[in-house]
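Reviewing the structure listed below.
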Amino acid sequence: MTVRTRFAPSPTGMLHIGGVRTALFCWLYARRHGGTFILRIEDTDRERSTDEAIQVIIDGMDWLGLKPDEGPVFQTKRYDRYREVIGQLLASGHAYHCWCTKEELDQMRAEQQARKEKPRYDGRCRHGRALREGITPVVRFRNPTEGSVVVRDVVHGPIEFQNAELDDLIILRSDGNPTYNFCVAVDDWDMRITHVIRGDDHINNTPRQLNMLQAMGAEPPVYAHLPMILGPDGTKLSKRHGAVSVLEYRNAGFLPEALLNYLGRLGWSHGDQEIFSLEEMTRLFDLDDVNKSASALNPDKLAWTNQQHMMKRPGAALAPLLAERLQALGVDTAGVDLAAIADAQKERAKTLLEMAENSRFFFADPQAYDPKAAAKNLTAETAPVLERVRAVLDSLEAWGAAGIHAALEALAAELGVGLGKVAQPVRVALAGGPVSPPIDATVAILGRETVLRRLDRALGVARSG
RNA sequence: GUCCCCAUCGUCUAGAGGCCUAGGACAUUACCCUUUCAAGGUAACGACACGGGUUCGAAUCCCGUUGGGGACGCCA
């Protein structure tokens with residue numbers, strides 16, 4: 001049996017990272033077993049579905065590299081098929097028309113709640129009802145009233161539901177649109193889905209879907225309900241928590257492999273390992289290792305994970321992404337070795353955005369010096385040192401980090417001071433502040449002309465300060 | 001309210017009855033390394049929700065309590 005999984009988002013909001021984690025596990029499981037991963041867009045709610053949301057789903061998955069093998073399949077394109085199945089269910093008595101109005105149903109629910117009962121359709125149209133003028137009936141699924149349904153869930157184990165707890169759900173609205181639970185059942189069947197991997201907020205839908213599958217004569221898939229992902233404060237994920245949409249993570253400068261690594265470690269683990277490449281995850285992933293409890297997002301750990309992945313990438317593989325972030329900040333990146341900058345900066349930034357911000361001084365001379373740093377490093381005492389550095393660098397033959405390092409070290413030795421006494425004034429002169437990559441790399445990247453120019457300017461400040 | 005799910009450091013997790021004096025990671029704090037900042041290294045802090053069973057032995061199995069989450073739509 002070939003494994004077939006599906007990721008089935010509804011395009012009503014932005015694709016958030018809880019959805020991404022679901023997509024990841026579906027993708028991973030399919031990849032791991034040489035199966036097929038399908039993207040299905042559940043857009044039967046025509047009021048709330050938007051093209052923009054569909055685009056975000058597709059762009060987001062594309063960015064992350066979670067490419068579907070089939071799809072996107074749109075449920076709204078399958079209406080003929082749904083109506084066909086509804087016709088069959090009607091004919092076989094597994095479904096019936098219901099003429100209740102919304103007002104009638106609202107009243108019924110209100111009464112039930114007043115009696116502290118679980119609100120549910122009471123089946124008043126179950127055994128036929130006179131056709132009512134001016135009302136287009138809905139179609140309801142005739143759920144069994146006795147016995148129970150057992151969901152065989154690979155992460156939770158068997159879960160039993162009493163049929164008496166379930167009511168007759170609407171499968172076709174009065175406007176002719178089929179509803180979610182029904183479409184899911186038909187689609188999972190038609191698409192020959194073998195493993196339904198989704199959030200555990202769907203556990204309660206599963207017995208209904210199982211009953212419909214049975215009524216249609218379909219073999220049910222295996223279910224795996226994943227624990228929810230909560231916001232950092234342990235409550236349900238919402239816009240309140242800030243970055244929720246995948247694309248926001250891209251814009252904040254996270255690497256796709258890092259986001260996937262972090263999300264993968266939520267609800268899944270492999271011993272003590274924290275850092276995984278996508279390839280490793282694919283090789284190691286198993287539904288047996290998925291745990292049952294919800295997990296809260298930890299922004300610090302996400303940032304750390306991102307840094308770990310940035311350090312794993314060669315600078316050249318970071319350069320184009322760094323360029324995007326710099327351009328977003330309005331920095332002109334022409335003519336500068338971005339790969340070298342990325343290599344120098346990747347272990348001192350948590351995100352590409354932070355890297356870009358830390359790297360601005362590579363592209364423009366400091367407009368002002370950090371007051372504290374200048375007061376300490378651009379002084380009458382350091383001026384002679386800066387002068388010597390200027391002379392040494394001016395006459396240096398081969399421009400390169402190794403040569404620069406050797407030259408500065410020799411100078412420090414000659415002056416009888418530690419390298420720090422030489423490097424720090426130079427750093428402030430070049431970067432405008434007390435922080436930068438190692439001075440040799442910084443000098444090398446900046447280039448002789450820029451370095452000499454900035455030293456001259458700093459010298460002016462040092463002499464007068 | 002009814003039904004369903006869940007429960008190990010602040011957070012993510014390891015843990016399949018003895019290997020647990022409960023391990024790792026993020027965060028925090030100290031120290032080391034060091035030309036700054038980082039990165040890296042070492043250490044410290046820090047948890048089995050509670051109560052009953054079962055067992056020679058329970059974080060692990062069972063029951064209850066409490067707490068959290070989800071579902072109960074002509075939403076998905």
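Protein chains get the first letters and strands the later ones, always in sequence-line order, with residue 1 at the start of each.
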Over all strands shown, is [X] touching base, sugar-phosphate only, or nothing at heavy-atom distances under 4.0 angstrom?
{"X": "Lys102(A)", "answer": "base"}
{"X": "Thr235(A)", "answer": "nothing"}
{"X": "Lys376(A)", "answer": "nothing"}
{"X": "Tyr262(A)", "answer": "nothing"}
{"X": "Asn177(A)", "answer": "nothing"}
{"X": "Lys346(A)", "answer": "nothing"}
{"X": "Arg115(A)", "answer": "nothing"}
{"X": "Ile203(A)", "answer": "sugar-phosphate"}

Answer yes or no: side-chain N or O of [X] and base N or O of [N] forming a donor-acceptor pair under 3.5 Å.
{"X": "Glu274(A)", "N": "rG24(B)", "result": "yes"}
{"X": "Thr179(A)", "N": "rC74(B)", "result": "no"}
{"X": "Asn205(A)", "N": "rA76(B)", "result": "yes"}
{"X": "Arg120(A)", "N": "rC72(B)", "result": "no"}

Considering only side-chain heavy atoms of [X], which listed nucleotide, [options], is closest?
{"X": "Ser295(A)", "options": "rC12(B), rC4(B), rC37(B)", "answer": "rC12(B)"}
{"X": "Lys301(A)", "options": "rC5(B), rG24(B), rC3(B)", "answer": "rG24(B)"}
{"X": "Ala296(A)", "options": "rU36(B), rA71(B), rU11(B)", "answer": "rU11(B)"}
{"X": "Asn298(A)", "options": "rC5(B), rU11(B), rC12(B)", "answer": "rU11(B)"}

field: Pairwise P distance, rC74(B) and rA27(B) [rounded to whole Å]
entry: 48 Å
message: Using the C1' atom as the point on both nucleotides, what is the distance between rA58(B) and rG52(B), in whole Å?
response: 13 Å
At a cut-off of 3.5 Å, list every protein nitrogen or oxygen paired with a nitrogen or oxygen from nucleotides 14-22 of chain B, distance to 0.1 Å.
unit_1  : atom_1 : unit_2    : atom_2 : d
rA14(B) : OP1    : Ser269(A) : OG     : 3.0

- prompt: Parallel, tilted or perpendicular: which fits the ring planes of Tyr82(A) and Phe182(A), with parallel below 30° and perpendicular above 60°?
  reply: perpendicular
query: Would you call the rings of His97(A) and Trp99(A) parallel, tilted or perpendicular, where under 30° means parallel and over 60° means perpendicular?
result: tilted
- line: Contact check, residues 422-437 of chain A vs RNA chain B, heavy-atom distance under 4.0 Å, returns Ala423(A), Gln424(A), Arg427(A), Pro434(A), Val435(A), Ser436(A), Pro437(A)
task: Please list, by residue number, the residues of residues 305-316 of chain A whose heavy atoms come closer than 4.0 Å to an atom of RNA chain B; answer none if no residue qualifies.
output: Gln307(A), Gln308(A), Met311(A)
message: Please tell me whether Phe276(A) and His309(A) form a close aromatic pair, meaning their ring centres lie under 6.0 Å apart.
response: no
Separation of [N] [atom2] from [X] [atom1] (nearest whole Å):
{"X": "Arg208(A)", "N": "rC4(B)", "atom1": "CZ", "atom2": "P", "result": "14 Å"}
{"X": "Lys292(A)", "N": "rG70(B)", "atom1": "NZ", "atom2": "P", "result": "19 Å"}
{"X": "Asp153(A)", "N": "rC5(B)", "atom1": "CG", "atom2": "C1'", "result": "10 Å"}

task: Begin with the C-alpha distance, continue with both residues' side-chain angles, and end with the deciding distance and a verdict on salt bridge (charged side-chain N to carboxylate O under 4.0 Å, His left out) for Asp190(A) and Arg40(A).
output: CA-CA 12 Å; Asp190(A) 284 355; Arg40(A) 184 169 82 211; over 6 Å; no
Pair Arg390(A) + Glu387(A), salt bridge at N-O below 4.0 Å: no
message: Within this structure, what is the CG-CD distance for the pair Leu213(A) and Gln209(A), rounded to the nearest 0.5 Å?
response: 8.0 Å
- request: I would like to know whether Phe285(A) and Phe25(A) meet ring-ring contact (aromatic ring centres under 6.0 Å, His included); could you show each step before the answer?
  value: CA-CA 8 Å; Phe285(A) 183 79; Phe25(A) 283 17; 4.8 Å; yes
